[in-house]
Amino acid sequence: MPANTIVSVTCIPMRLPFHHWSPAPLFAGRPRDKLDSALVRLETQDGTVAWGESYCVEPTALVAIFGTLIAPLAVGRDADDAALLPGMQRTLHNLGRSGPVVHALAGLDIALWDLRAKRAGVPLYELLGGKRRDRVRVYASLLQYYGDAERLDAVTTQALGEGYTEIKLHERTSDALAAVRRATGAGVPIMVDTNCAWLPDEAHDAIAAMREHDPFWIEEPLWPPEDDHALKQLKQLCRVPLAVGENAASTYALKQMIANHSVDYVQPSVIKLGLSAAWDIARHCVDTPVVCAPQVAFFGPGYLASLHLIAAQQADVALERLYVELAHVPYGKRVPIQNGFVQVPDTPGLGADPESELAEGRYAS
Ligand SMILES: [Mg+2]
């Protein structure tokens, strides 16, 4: 069998217990005490192991998808075959154009990039045309505090004390933004992610109330997030930059947003759409007013893939980092965040493999 034949593709759930100095926030209607995604482990005939990451909130479903759909189509195939992933996308398209099957393919895509870079003996950014920066600014992305001004102030002050110079909130009120603005003072970028808080006729007034506290962008202001027409109208009216994209089902949807100028920042998620798709979007933004600012609310190979993308793309944007205390910090030693920056790894592939406790599934349940 040729050296680059895929011999296994498996999925290892990664459910990292976390603490954010406050009671557990709600996610998908239930209290959240773990941050979930899934590692994708790809091995070729010559023993090379590469890693990807898929969006995952239901590990049982994703593990089954890898076992019954992904592995049977990938094992035995040449990992260098450029038609492999596009072919699988077409073969599986009847199962839905978004959701867990697409997220599984995104993880496989990242693993194939890691594999290609490892086999070429180069850091992944070299396959993206080289790095434009040696280190990338990181922003502290706070979880929900439901407007609790005291906690917002304390956590923001803590993040600034650790060297972060940009903050993102997952809040919905101008009072919450005001509390954080008081903590940072003027000049510190504060992004406000509302997670699709408002219907189109509610959004304008809510954003207008925030304007005096100088939000850097408002993220996902509208429900439903794919209402491109309402988004464009809002952008023209509200005079605050808008950021959207993590819930987009395809590059097609994101390219529509760019073509329509309905957003200021477009936010592909590599663990939902894949690195190939996100890189396509980053290049598509060049020579447009829209900036590619990937969504990176995860910690594994997808985080490193996003780091390489940001290092290689034209626009200089910060890397998102959920600001929490994790039971285990992936790549904490190999690719640490120091003083609000992370060095772009120069070793082959993504730059680091998941630590053995992650690879062996210690945090799988
Ligand atoms: Mg978001």
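Counting starts at 1 for both ligands and their atoms, following the listed order. Scope of the values below: all heavy atoms of this structure, side chains included, with no hydrogens, waters or symmetry mates.
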A.B. asks: Partners of Y125 by ring pair (Phe, Tyr, Trp, His ring centres under 6.0 Å), sequence neighbours excluded?
C.D. replies: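 In terms of ring pair (Phe, Tyr, Trp, His ring centres under 6.0 Å), with neighbours along the sequence ignored, Y125 is linked to H308.
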A.B. asks: Who are the salt bridge (Lys or Arg N to Asp or Glu O under 4.0 Å) partners of E357, not counting sequence neighbours?
C.D. replies: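 For E357, no residue satisfies salt bridge (Lys or Arg N to Asp or Glu O under 4.0 Å) once neighbours in sequence are set aside.
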A.B. asks: Could you label the plane-to-plane angle of the Y164 and Y323 rings as parallel, tilted or perpendicular, counting under 30° as parallel and over 60° as perpendicular?
C.D. replies: perpendicular
A.B. asks: Test side chain to side chain contact (heavy atoms under 4.5 Å, CB included) on S54 and I271 and set out the steps.
C.D. replies: CA-CA 5 Å; S54 291; I271 69 169; 5.6 Å; no
A.B. asks: Give the total of protein N/O/S atoms at a distance below 2.8 Å from the Mg ion (ligand 1).
C.D. replies: 3
A.B. asks: Using ring pair (Phe, Tyr, Trp, His ring centres under 6.0 Å) as the criterion, list what pairs up with Y139, not counting sequence neighbours.
C.D. replies: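 Once residues adjacent in sequence are excluded, Y139 has no partner under the ring pair (Phe, Tyr, Trp, His ring centres under 6.0 Å) criterion.
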A.B. asks: Can H20 and Y145 be said to form a ring pair (Phe, Tyr, Trp, His ring centres under 6.0 Å), step by step?
C.D. replies: CA-CA 9 Å; H20 79 312; Y145 295 90; 4.7 Å; yes
